[in-house]
Structure formats: structure tokens, C-alpha cells
Amino acid sequence: MANIILLGPPGAGKGTQAKRLVEARGMVQLSTGDMLREAKTSGSEMGRKVADVMARGELVTDEIVIGLIREKLTGAAGGGFIFDGFPRTLAQADALGQLMAEVGQSLDAVIEMRVDDAALVARITGRFTCGGCGEVYHDDTKPTKVAGICDQCGSDNMQRRADDNADALRTRLMEYYKKTSPLIGYYYAKGDLSSVDGLAAMDAVASSIALVLDA
Ligand code: ADP
Ligand code: ZN
């Protein structure tokens with residue numbers, strides 16, 4: 001059992017790899033992005049508060065996301081936690097260290113997924129997801145076999161994220177470089193950092209992550 005962080009810019013493939021780890025190892029994915037989108041869909045007060053911030057591509061407050069993670073950490077760990085999209089600031093990283101200590105858990109690895117910026121932009125603009133089963137598609141690189149119909153589950157409920165447009169993406173990248181990328185140095189200094197090539201094929205990325213986990 002291991003608790004890990006997947007670290008990388010938007011579009012690096014964190015969510016995709018996290019889902020594979022959930023299936024392969026029974027790990028528990030904690031995606032603050034998914035939690036915030038759920039809050040938005042459910043129409044809660046917090047969801048309404050964060051909707052505009054997220055659509056612009058800015059980070060929501062540390063207080064909100066730390067609160068979300070705190071709630072989840074009290075649950076059972078299963079095969080370990082995968083932190084996906086959290087922490088995104090140094091304050092969040094410090095808070096995570098404290099929370100883990102409080103529940104008697106440790107952080108075993110931080111896996112940086114490296115991708116170049118041009119690839120990120122191409123990956124994100126063009127991305128859409130099946131609302132039925134969560135399968136991720138792309139206009140150019142992975143279209144559905146039948147337009148508008150999910151290959152996996154047959155749903156016609158295809159969704160595009162409000163922040164997967166050129167303007168919001170520019171902001172997301174800037175937020176990443178200003179606030180999140182310092183975490184690479186932070187975890188390197190702690191001795192927790194491993195890096196994998198996020199541009200490799202999906203299976204190859206999964207193998208690299210498996211190597212880190214089994215080391
Ligand atoms: P990405 O594809 O950009 O990695 P996520 O789904 O992880 O996207 O997050 C989407 C948005 O949710 C972010 O742009 C931000 O507004 C908000 N968000 C998610 N996680 C955090 C966090 N840890 N701290 C602050 N904001 C967050
Ligand atoms: Zn589907």
C-alpha cells in the first residue's frame with residue numbers, strides 16, 4: 001500500500017493514470033478537480049462560489065481544497081491514496097503533510113509527469129469526456145467510432161469542460177508555473193520525487209509509474 005501524489009501541469013495525464021491505478025491496485029483517487037466539479041453540479045453554495053474561478057482557470061482558495069481533502073482522509077485508504085491535482089500550492093503541500101501525520105499515514109512517492117507545453121495545449125483543446133462512464137476522448141487523437149456516441153457505454157452525453165478553452169488554459173498554465181511547479185523542488189528536497197515521461201504512450205507511462213510504486 002502506498003500513498004502518492006501525481007504532479008504535473010494541466011493535461012499531463014494525471015487523471016488517466018490515476019484511474020488505471022484505481023483499477024489495477026484498488027487505490028483511492030482523490031481529485032480535487034473532480035470534487036469541485038461535483039460541488040458545482042450539485043449546486044451547493046461552495047460549488048456556486050468556485051464555478052467562475054474554475055471557468056477562468058484560476059486556483060480556488062487553499063482553505064476550500066484543504067477542507068475537501070481533510071474530509072476524505074478520514075475514510076479507509078484501500079490500496080492507498082492517489083492525490084490528483086492536489087497539492088497545487090506550497091501551503092497545500094504543508095497542509096497535506098500535517099493531515100497525513102494526523103491520520104497516521106505517510107506520503108510514499110511524488111510522481112512528476114513531464115510534458116512539454118505545446119503538447120499540453122494540443123491535448124486539452126479537443127478533449128471531451130463521456131458523462132456516462134468517464135471515458136476521455138480527443139477530436140484528433142482519439143475520436144469516438146460513431147460521432148457523439150461513447151465506444152465504451154453507448155451514452156450520447158459527451159461533455160466538454162468549461163475551462164478547456166484557449167483563454168482558460170493560458171491561465172491554468174500560468175497558475176501551474178507560478179504556484180504549483182515550485183512543488184517539484186519542494187518534494188525533490190524532501191527526497192520524495194520521481195519523474196516520468198508523460199509524453200510516452202499511455203501504457204508506457206503506466207509502466208513507469210508501476211516501477212516507482214514497486215521500488
Ligand atoms: P487540470 O486538468 O487543470 O489538472 P483539475 O481537474 O485538476 O484540472 O482542476 C480544475 C480546476 O479546479 C483548476 O483549474 C482549479 O480552478 C480547481 N482546482 C482543482 N484542484 C485545486 C487545488 N488543489 N487548489 C486550487 N484549485 C484547484
Ligand atoms: Zn461512456
Side-chain angles (χ1 to χ4, degrees), residues 5-19 29-41 46-73 81-96 99 112-113 115 117 119-138 142-183 198:
I5 294 173
L6 295 181
L7 188 61
K14 302 183 296 284
T16 304
Q17 294 299 329
K19 291 203 167 59
Q29 178 187 10
L30 298 181
S31 160
T32 42
D34 287 348
M35 293 173 205
L36 291 165
R37 276 185 292 278
E38 271 159 34
K40 223 173 65 180
T41 313
M46 188 262 279
R48 279 197 300 275
K49 225 161 67 182
V50 298
D52 290 342
V53 175
M54 288 177 73
R56 284 196 301 269
E58 292 163 12
L59 295 187
V60 311
T61 64
D62 289 337
E63 193 190 354
I64 287 178
V65 290
I66 292 166
L68 288 170
I69 290 288
R70 177 183 284 121
E71 280 171 33
K72 303 282 177 176
L73 283 187
F81 291 114
I82 307 162
F83 297 98
D84 161 13
F86 179 91
R88 261 178 157 93
T89 63
L90 292 166
Q92 290 176 25
D94 283 336
L96 178 61
L99 285 173
E112 180 206 358
M113 300 180 64
V115 195
D117 295 339
L120 295 177
V121 174
R123 275 187 184 185
I124 288 182
T125 49
R127 175 164 80 169
F128 58 99
T129 308
C130 171
C133 69
E135 185 73 8
V136 181
Y137 294 96
H138 191 282
K142 193 188 168 194
T144 53
K145 292 201 180 78
V146 180
I149 304 292
C150 178
D151 297 351
Q152 301 295 327
C153 77
S155 166
D156 63 358
N157 177 20
M158 293 300 162
Q159 301 174 343
R160 283 180 202 267
R161 276 172 47 172
D163 58 351
D164 275 355
N165 61 72
D167 267 358
L169 179 56
R170 231 186 329 271
T171 306
R172 283 157 70 196
L173 272 180
M174 192 57 85
E175 291 282 70
Y176 176 78
Y177 284 113
K178 284 201 301 203
K179 297 173 186 167
T180 309
S181 66
L183 297 184

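The analysis underlying the following values was restricted to heavy atoms, covering all of them including side chains, and did not include hydrogens, waters or symmetry mates. Just so you know, ligand 1 is whichever comes first in the structure, and atom 1 is the first atom listed for that ligand.
At a 4.0 Å heavy-atom cut-off, ligand 1 touches R37 through the side chain alone. Residue contacts with ligand 1, taken as heavy atom pairs separated by less than 4.0 Å, involve R172 solely via side-chain atoms from C-beta onward. Here V65 has side-chain heavy atoms under 4.0 Å from ligand 1, and that is the only part of it that gets that close. Contacts between R127 and ligand 1 below 4.0 angstrom, taking non-hydrogen atoms only, involve the side chain exclusively.
Closest to atom 8 (O) of ligand 1 among all protein heavy atoms lies R161 NH2, 3.1 Å. Closest to atom 24 (N) of ligand 1, if we only count protein heavy atoms, is Q92 NE2, 2.9 Å. Of the protein's heavy atoms, T32 OG1, 2.7 Å lies nearest to atom 20 (N) of ligand 1. Among all non-hydrogen protein atoms, the one lying nearest atom 18 (N) of ligand 1 is L36 CD1, 3.4 Å. If you check which protein heavy atom lies closest to atom 11 (C) of ligand 1, you get M54 CE, 3.8 Å.
Using a 4.5 Å cut-off on side-chain heavy atoms (C-beta onward), V65 and L59 make no contact. Inter-residue side-chain proximity for L99 and I66 is flagged as met; some heavy-atom pair is nearer than 4.5 Å. Counting heavy atoms from C-beta outward, D163 and T171 have side chains that stay 4.5 Å or more apart. Looking only at side-chain heavy atoms (C-beta outward), F83 and K72 stay at 4.5 Å or farther from each other. At least one side-chain heavy atom of Y177 sits less than 4.5 Å from a side-chain heavy atom of D117. Considering only heavy atoms from C-beta on, L30 stays 4.5 Å or farther from L68 through its side chain.
Heavy-atom contacts of E58 reach the following atoms of ligand 1: 15 (C), 16 (O) (cutoff under 4.0 Å).
Note: angle at the Zn ion (ligand 2), from SG of C130 to SG of C150, is 110° (rounded to 10 degrees).
For the pair R88 (side chain) and K179 (backbone), a donor-acceptor distance under 3.5 Å is absent. K142 places a side-chain N or O within donor-acceptor distance of the main-chain N or O of V136, the cut-off being under 3.5 Å.
In this structure, K14 counts as a contact residue of ligand 1, since one of its heavy atoms falls inside 4.0 Å of the ligand.
At a 3.5 angstrom cut-off on N or O pairs, G85 counts as close to ligand 1.
For atom 21 (C) of ligand 1, the nearest non-hydrogen atom from the set M35, K179, K40, R88 belongs to R88. Within the set L68, D34, V60, the minimum heavy-atom distance to atom 25 (C) of ligand 1 is found for V60.
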- Task: Show your reasoning for whether side-chain contact (heavy atoms from CB on, under 4.5 Å) applies to M54 and V60.
- Result: CA-CA 7 Å; M54 288 177 73; V60 311; 3.9 Å; yes

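Considering R127, R123, R37 in turn, R127 is the only one that fulfils the salt bridge (Lys or Arg N to Asp or Glu O under 4.0 Å) rule with D164.
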